[in-house]
Amino acid sequence: MIPGLEPIPLRDLQALASVRAWPVEGHLDELPSLTPVRGEVRAEHRGNLLEVSGRLETIVSLCCDRCLGQFNQQLNVNTEELIWLGDDHSADSLSAAGLDPDSPDGLIESMDPRSSFEPERWAFEQLSLQLSVVNRCGNDCPGPPQPETTGAAMPTAPIDPRWQALQQLRESSNDA
């Protein structure tokens with residue numbers, strides 16, 4: 001856990017009546033990174049909404065899915081998010097709060113107003129969203145390792161007995 005990023009009850013945020021800022025400098029337990037995560041997370045309680053913003057950066061080491069080589073990727077986050085506090089996030093309640101319920105940037109998250117905001121968890125989630133689904137080391141990726149070929153015939157690997165019938169069929173079709 002990064003010191004200073006302990007969870008804070010939403011009621012304490014509401015009592016502040018101002019923006020709470022957390023400086024971020026350290027390593028997240030769930031996201032192994034080469035450099036410490038640096039930046040800031042800010043949260044403000046606004047009645048039925050929690051407005052959270054942050055800018056974070058770090059560098060992670062990943063394994064390329066094509067060539068299996070290691071490469072580094074920089075993760076940068078500069079985002080804002082509105083989190084609905086409560087269960088009733090119907091179109092009427094959103095409109096009453098001055099939000100467009102049909103907006104593509106609409107509310108996705110909701111929290112129990114009696115719970116706590118976890119700035120470290122929020123930072124982890126935002127950085128994780130920056131990770132690629134498919135890891136590629138770049139345009140110059142050599143691709144999967146290829147077996148070395150020489151003038152001699154490739155030695156045949158022992159055949160799994162479950163595939164032997166298929167190998168026999170393949171050989172008989174080559175002879176025909």
Side-chain angles (χ1 to χ4, degrees), residues 1-89 93-94 97-145:
M1 174 173 260
I2 298 175
L5 292 185
E6 292 81 16
I8 182 170
L10 291 173
R11 291 181 185 184
D12 291 355
L13 274 177
Q14 185 177 21
L16 283 176
S18 66
V19 176
R20 167 79 191 265
W22 292 269
V24 179
E25 176 80 33
H27 290 277
L28 296 172
D29 295 337
E30 297 177 6
L31 183 73
S33 58
L34 296 174
T35 62
V37 176
R38 291 186 176 98
E40 182 180 57
V41 174
R42 299 169 60 88
E44 180 180 11
H45 196 289
R46 294 180 18 200
N48 288 343
L49 295 171
L50 181 65
E51 183 176 352
V52 185
S53 64
R55 76 182 159 67
L56 304 161
E57 62 182 37
T58 191
I59 297 174
V60 293
S61 180
L62 301 172
C63 179
C64 179
D65 291 335
R66 283 188 80 214
C67 69
L68 302 179
Q70 295 290 319
F71 70 99
N72 297 338
Q73 180 179 354
Q74 185 168 3
L75 302 178
N76 291 308
V77 170
N78 190 3
T79 189
E80 291 182 12
E81 179 179 25
L82 293 175
I83 301 172
W84 185 257
L85 301 177
D87 293 332
D88 180 27
H89 53 278
S93 58
L94 293 176
L99 300 170
D100 180 9
D102 298 324
S103 168
D105 296 327
L107 297 172
I108 297 174
E109 297 291 328
S110 64
M111 291 178 66
D112 182 346
R114 294 166 294 193
S115 66
S116 296
F117 173 68
E118 300 176 32
E120 184 172 17
R121 182 79 191 155
W122 188 86
F124 165 75
E125 290 171 354
Q126 299 306 312
L127 287 166
S128 294
L129 288 171
Q130 301 302 310
L131 292 170
S132 301
V133 174
V134 177
N135 295 322
R136 297 240 356 243
C137 60
N139 292 335
D140 298 329
C141 179

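Starting from 1, each residue takes its place in the sequence as its number.
Nearest heavy atoms, Cys67 versus Cys137: SG-SG, 3.8 Å.
By the side-chain contact (heavy atoms from CB on, under 4.5 Å) test, Arg66 is found to be paired with Cys64, Arg136, Cys141, Pro144, residues two or more places apart in sequence or in another chain being considered. The side-chain contact (heavy atoms from CB on, under 4.5 Å) check on Glu120 picks up Met1, Ile2, Leu5, Leu28, with sequence neighbours excluded. For Ser128, the side-chain contact (heavy atoms from CB on, under 4.5 Å) criterion is met by Phe124, not counting sequence neighbours. Every residue meeting the side-chain contact (heavy atoms from CB on, under 4.5 Å) condition with Ile8, not counting sequence neighbours, appears here in chain and number order: Asp12, Leu13, Arg20, Trp22, Phe117. Partners of Glu6 by salt bridge (charged side-chain N to carboxylate O under 4.0 Å, His left out), not counting sequence neighbours: none found. By the side-chain hydrogen bond (donor to acceptor under 3.5 Å, both in side chains) test, Asp112 pairs with Arg114, sequence neighbours left out. Every residue was checked against the side-chain hydrogen bond (donor to acceptor under 3.5 Å, both in side chains) condition with Ser115, not counting sequence neighbours, and none meets it. A search for side-chain hydrogen bond (donor to acceptor under 3.5 Å, both in side chains) contacts involving Glu80 returns nothing, not counting sequence neighbours.
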For residues 69-77, run the donor-acceptor check on the side chains, cut-off 3.5 Å, and write out each pair with its distance to 0.1 Å, sequence neighbours left out.
| residue | atom | partner | partner atom | Å |
| --- | --- | --- | --- | --- |
| Gln70 | OE1 | Ser61 | OG | 3.2 |

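Proximity of His45 to Leu85: side-chain heavy atoms (C-beta onward) are separated by under 4.5 Å at one or more points. No side-chain heavy atom of Thr79 sits under 4.5 Å from any side-chain heavy atom of Leu129. The shortest side-chain heavy-atom distance between Arg121 and Glu30 falls under the 4.5 Å cut-off.
In this structure, CE in Met111 is found 7.5 Å from CD in Glu118, a value given to the nearest 0.5 Å. With rounding to the nearest 0.5 angstrom, the CG atom of Leu50 is 10.0 Å from the CH2 atom of Trp122. The CG atom of Leu68 sits 11.0 Å away from atom CG of Asn135, with the distance rounded to the nearest 0.5 Å. Within the model, atoms CD of Glu44 and OG of Ser18 stand 7.5 Å from one another, a figure rounded to the nearest 0.5 Å.
Counting only residues at least two apart or on different chains, the salt bridge (charged side-chain N to carboxylate O under 4.0 Å, His left out) pairs with a member in residues 49-58 are Arg46-Glu51. Under the ring pair (Phe, Tyr, Trp, His ring centres under 6.0 Å) criterion, no residue pair touches residues 46-69, with sequence neighbours excluded. Applying the side-chain hydrogen bond (donor to acceptor under 3.5 Å, both in side chains) test to every pair with at least one member in residues 33-43, sequence neighbours left out, gives these pairs: Glu25-Arg38, His27-Ser33, Ser33-Thr58, Thr35-Thr58.
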Pair Leu31-Leu131, side-chain contact (heavy atoms from CB on, under 4.5 Å): steps then yes or no: CA-CA 11 Å; Leu31 183 73; Leu131 292 170; 4.2 Å; yes

